[in-house]
Number of protein chains: 2
Amino acid sequence: MARKTGSHSEITGPRIQDAALKLFARHGYAAVSMRQIAAEVGVQAGALYNYVPHKQALLFELMRGHMVALLDAADAALEPAARPDAALEGFVRFHIGYHLGRVDLVFISYMELRALEPENFSVIEALRGRYEDRLEAILSDGKDVFDVKDTKLATLALIAMLTGVTNWFRESGRLSPEGVADSYVEMARRMVRSKEVLKPR
Amino acid sequence: MARKTGSHSEITGPRIQDAALKLFARHGYAAVSMRQIAAEVGVQAGALYNYVPHKQALLFELMRGHMVALLDAADAALEPAARPDAALEGFVRFHIGYHLGRVDLVFISYMELRALEPENFSVIEALRGRYEDRLEAILSDGKDVFDVKDTKLATLALIAMLTGVTNWFRESGRLSPEGVADSYVEMARRMVRSKEVLKPR
DNA sequence: GTCTATATTCCGATAGAC
DNA sequence: GTCTATCGGAATATAGAC
């Protein structure tokens, strides 16, 4: 059970990722040094290179892991056969719930796109496009129920509106994540003028 | 009329601002060096310090100038006595038009907030709050016409949706700024369920 | 696996010549 | 007002001891 001092391979790896995530989100990729990350973990800078080939890979793997996990979670959470209005509500609730639980990852995944080398940027952009396609498909499949002139535009408007929540939401605020989601479900429905919303009038 | 070689005070100042804006928007504040800015202008790094006390002031003045100009332009463009629906439409059209003409300034003004020293950050945040108040007042003044449960939430959702345009709009795309604004006016009206929109149904 | 030490390059900012 | 030269420090990444 005893472990030699200075040997922590199973634990140091994840701690480096956590420290990098926290510091990148707070100060930005370019403003954070490998020394700062090492200090946060509690090792010397040189030790990081036992786990990561270079700083760029640290950022890229954080972003790629986030996008892949997001797509997997979306596939698991969204019911493909749902009726259009339920599908839209499901997407809004999933998006807000998932993103509010990972604000740092969300933040760096679109703030630090500039810091990615071109090949890495292309990978992340492709994954992001696949996620946006999920919402666009919902709007497109429901075109008989919704009233949307430009599906692509509505997709981009909805995603921007929903993701914006991560910029101001605070756990200590007056609204719970569920309360926020309730309001955004209604705003999203109104935007596409879903018949479920208009009926009560 | 002849000017001594190496003396360009009236022209170099603005060119430094332009170069810094372009480079900060493309690569991020922390990733850009004073040497790079100087190279873009065509001078040596030391010459920058005849115009700017330090790098931080360069960023802060770009952001402060942008926010002050935005507030001035909003005051000039928005009709205080307009009926609620017209006021909302006016805000949407102003916001999209103004922001699409200054995508680099918009970009750094919310991407580089982290790079501001605390006192500078407070100044910019206060100016941003004053701008958001313009929209919140429109929604609040029209509470008899609009159907909005949570004015603050709707304000934040609308601003996020509108500002998101600057992230994907391209001059060469299929939509003109006016066409984009038309669509967003309709989406904004639907979100607050303005009666002008629902009447035709 | 982590340490210390270091190679190499670059940073922001300043000083003094012209 | 711009130049060259430089100060003092910090950056990424590597080498070799333990």
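Computed from a predicted model, the values in this text were never measured in an experiment. Each chain gets a letter, A, B and so on, in the order its sequence line appears, and its residues count up from 1. Scope of the values below: all heavy atoms of this structure, side chains included, with no hydrogens, waters or symmetry mates.
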Quiz item: Just wondering, are more than 12 heavy atoms of other shown residues or ligands nearer than 6.0 Å to CD in B:Glu79?
Solution: yes
Self-check item: Identified side chain to side chain donor-acceptor pair (under 3.5 Å) counterpart of B:Asn120 within the set B:Arg64, B:Gln56, B:Glu61
Solution: B:Gln56
Quiz prompt | NZ/NE/NH1/NH2 to OD/OE distance under 4.0 Å, A:Lys149 and B:Asp182 | solution = no
Self-check item: Contact list for residues 12-24 of chain A, test salt bridge (Lys or Arg N to Asp or Glu O under 4.0 Å), sequence neighbours left out
Solution: A:Lys22-A:Glu40
Practice problem: Give me the residues of residues 11-24 of chain A where at least one heavy atom lies under 4.0 Å from an atom of DNA chain D, by number, or none. | Solution: none
Self-check item: Salt-bridge criterion met for B:Arg190 and B:Glu186 (N-O under 4.0 Å)
Solution: yes
Quiz prompt | Residue of the set A:His99, A:Arg134, A:Arg102, A:Arg130 for which side chain to side chain contact (heavy atoms under 4.5 Å, CB included) holds with A:Leu70 | solution = A:His99
Quiz prompt | Sequence-aligned protein contact record of nucleotides 11-18 of chain C, with B where the base is within under 4.0 Å of a protein heavy atom and S where only the sugar-phosphate is | solution = BBBB----
Self-check item: Out of C:dT4, C:dG1, D:dG1, whichever nucleotide has its closest atom nearest the side chain of A:Gln44
Solution: C:dT4
Self-check item: More than 12 heavy atoms of other groups within 6.0 Å of A:Glu171 CD
Solution: no
Quiz item: Which of these, A:Val185, A:Ile96, A:Ile159, A:Leu158, sits in a side chain to side chain contact (heavy atoms under 4.5 Å, CB included) with A:Phe91?
Solution: A:Ile159
